[in-house]
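Note sheet for the following structure.
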Amino acid sequence: MTDIKSLIRPEKPVFLGGENPFEAMMSRFDYAAQLLNLDGGLYKVLRNPEKQLIVSVPVQMDNGQVEVFTGYRVLYNTSRGPGKGGIRFDKAVTLEEVTALAAWMTWKCAVVNIPFGGSKGGVNCDPLAMSVTELERMTRRYTSAIMQLLGPDSDVPAPDVNTNERVMAWVMDTYSMQMRHTVTAVVTGKPIEMGGSAGRREATGRGCMIVTQEALRHLGLPSTGARVAVQGFGNVGSVSADLLHRAGFSVVAVSDVKGGIYNEKGLDIPDVLSWRSKNRYLSGYKNAQAITNDELLALDCEVLLPAALENVITAKNADKIRAKVIVEGANGPTAAGADEILDRKGIFVVPDILANAGGVTVSYFEWVQDRGGYFWDEETVNNRLAQIMTNSFRNVLDVAKKYNVNMRIAAYTLAIDRVAAVHRLRGMYA
Ligand code: NAD
């Protein structure tokens, strides 16, 4: 058996400038792999993507000129089932970023034990500078170019940064036209009218609420009146804040890209939502005082829920955090260098690959419903989601106790163990 320590991260991919999310992920992966005493051969298999596809995406722009964009689709690991992962349109998209995100999806699907592997895709472009018709042509050409990977049994995309239900409808239509029949299960996050699932829009925030309740229960803290600060007021942040407010928590602060609002007695979240829908941003909201995003992170509260960006909690500011619990609604909000500081301060962290897995869980429900051609009502979706999130939280907690590690390492350990188990059972195809 090869010594795993001699294999750990032989080369370090560098991308995205500052803190490298692939490295942040791999440093936790390595820790978990050592805890599991993972066989050296399996370690090598799991740290490499299965397939990376780079495509040129020529698009006729509205002005008649042809532009050529670069698109990517990466299947990181499909041992447990079809690849599952979003498509993002962004200027920062690179092969390395897409690969890291595909790996992340592999562990996330394994933590909640849904029968998917991990994948991700993207097109390097500036979607905000493009018209809707240009975006549609680009989406269709990109879909055509990655057809060989796509399919309900092989790789199932979903929305990600700068893509939405409408983009998923174009992907589904392009795939279906080429297959000569309608294939709804090739993407998730579709409009309800064409095979989307009830409850998908709220699923990530609902999952965050459920694990927050579980975390407080585990720590013996009451949920009623527990103070929560939420960074980011988009899909994940606003739904989490709303559901936590309805569940009796006191949401004392929320923020968006322009800054935050704070009321020590608790914000009236339905009123804040109505203000945001009329004014687009939170700034100017009455009955609260304005605070910065940095101030929000350092508030005295029971729960901090970062739901905006990656790397907002770092070795530089982790010491200032006063929350007892951090629930990672966003992907990668905590830099690897902050983990130790948070542990030292006794802060209980519900890691991203568990906390925000509600979205992919209901994507799985959507895929199941599409394949069965039989649709569930919202209550059924929500109940099944609650069951999976609660069980997953408890499974990760059991691993944390067994190995005496924090919840993040426990989640990676559980995920890697599940993926590795399937590899061992399937054996090596030669
Ligand atoms: P979104 O675009 O709907 O919302 C993002 C929010 O963050 C907005 O309120 C925006 O104003 C705010 N924001 C942007 N820059 C900020 C900054 N510098 N400081 C503070 N706030 C800032 O996005 P979303 O879908 O809510 O996703 C948020 C995070 O959750 C991302 O990390 C995403 O990858 C992750 N996530 C989303 C889902 C999902 O189902 N939407 C699922 C899993 C993980």
Less than 4.0 Å between a side-chain N and a carboxylate O, is that true for Asp398 and Lys402? no
Test item: side-chain donor near acceptor, Thr188 and Lys84, under 3.5 Å: yes
Side-chain touch Leu296/Leu304, heavy atoms, less than 4.5 angstrom: yes
Lys/Arg-Asp/Glu bridge criterion (N-O < 4.0 Å) met for Asp370, Lys190: yes
Work out which heavy atom in Tyr142 is nearest to a heavy atom in Val57; give both atom names and the distance. N-CG1, 3.8 Å
Would you say the side chains of Asn77 and His423 form a donor-acceptor pair under 3.5 Å? yes
Ignoring hydrogens and angles, state whether a donor on the side chain of Tyr76 or Asn48 is under 3.5 Å from an acceptor on the partner side chain. no
Using the ring centroid of each side chain, check whether Phe29 and Tyr43 are separated by less than 6.0 Å. yes
Side chains of Pro58 and Arg141: does their closest heavy-atom pair fall under 4.5 Å? yes
Minimum heavy-atom separation for Ala330 and Ala308, please, with both atom names. CB-N, 3.7 Å
Would you say the side-chain atoms of Asn331 and Asp352 include a donor-acceptor pair closer than 3.5 Å? no
Short side-chain to backbone donor-acceptor contact, Trp275 and Tyr281, under 3.5 Å: yes
For the residue pair Ile313 and Ile326, establish whether any side-chain heavy-atom pair is separated by less than 4.5 Å. yes
Could you tell me whether a side-chain N or O of Trp367 sits under 3.5 Å from a main-chain N or O of Pro152, the two making a donor and an acceptor? yes
Pairs in or reaching into residues 281-298: which pass salt bridge (charged side-chain N to carboxylate O under 4.0 Å, His left out), with residues at least two apart or in two chains? none
CD/Gln387: more than 12 non-hydrogen atoms of other groups inside 6.0 Å: no
In terms of relative ring orientation, are Phe116 and Tyr364 parallel, tilted or perpendicular, with 30° and 60° separating the classes? perpendicular
Ignoring hydrogens and geometry, is there a side-chain-to-backbone donor-acceptor pair from Ser131 to Glu134 under 3.5 Å? yes
Find out whether Leu267 and Tyr262 are in side-chain contact, i.e. whether some heavy atom of one side chain is under 4.5 Å from a heavy atom of the other. no
Check: Val419 and Arg80 side chains under 4.5 Å, non-hydrogen atoms: yes
Heavy atoms from other residues, nucleotides or ligands near CG of Asp300 exceed 12 (cutoff 6.0 Å): yes
Cut-off 3.5 Å, side chains only: do Ser250 and Arg227 have a donor facing an acceptor? no
Counting only N and O atoms by type, is there a donor-acceptor contact under 3.5 Å from the side chain of Asn124 to the main-chain atoms of Val93? yes
List the steps, then state whether side-chain hydrogen bond (donor to acceptor under 3.5 Å, both in side chains) holds for Asn279 with Tyr285. CA-CA 9 Å; Asn279 300 282; Tyr285 178 74; over 6 Å; no
Using a 3.5 Å distance criterion without hydrogens, assess whether the side chain of Arg322 forms a donor-acceptor pair with backbone atoms of Cys301. no
Any donor-acceptor N or O pair under 3.5 Å, side chains Ser255, Gln231: no
Test item: side-chain donor near acceptor, Arg73 and Ser119, under 3.5 Å: yes
Glu366 side chain vs Gly189 backbone, donor-acceptor pair below 3.5 Å: yes
Indicate yes or no for a side-chain donor-acceptor contact from Arg276 to the backbone of Phe233 under 3.5 Å, with no hydrogens or angles considered. yes
Pairing residues for Asp160 by the salt bridge (Lys or Arg N to Asp or Glu O under 4.0 Å) criterion, not counting sequence neighbours: Arg88, Lys120
Whether Asp339 and Arg28 form a salt bridge (side-chain N of Lys/Arg under 4.0 Å from carboxylate O of Asp/Glu) is what I want to check. yes
Is Glu136 salt-bridged to Arg166, cutoff N-O under 4.0 Å? no
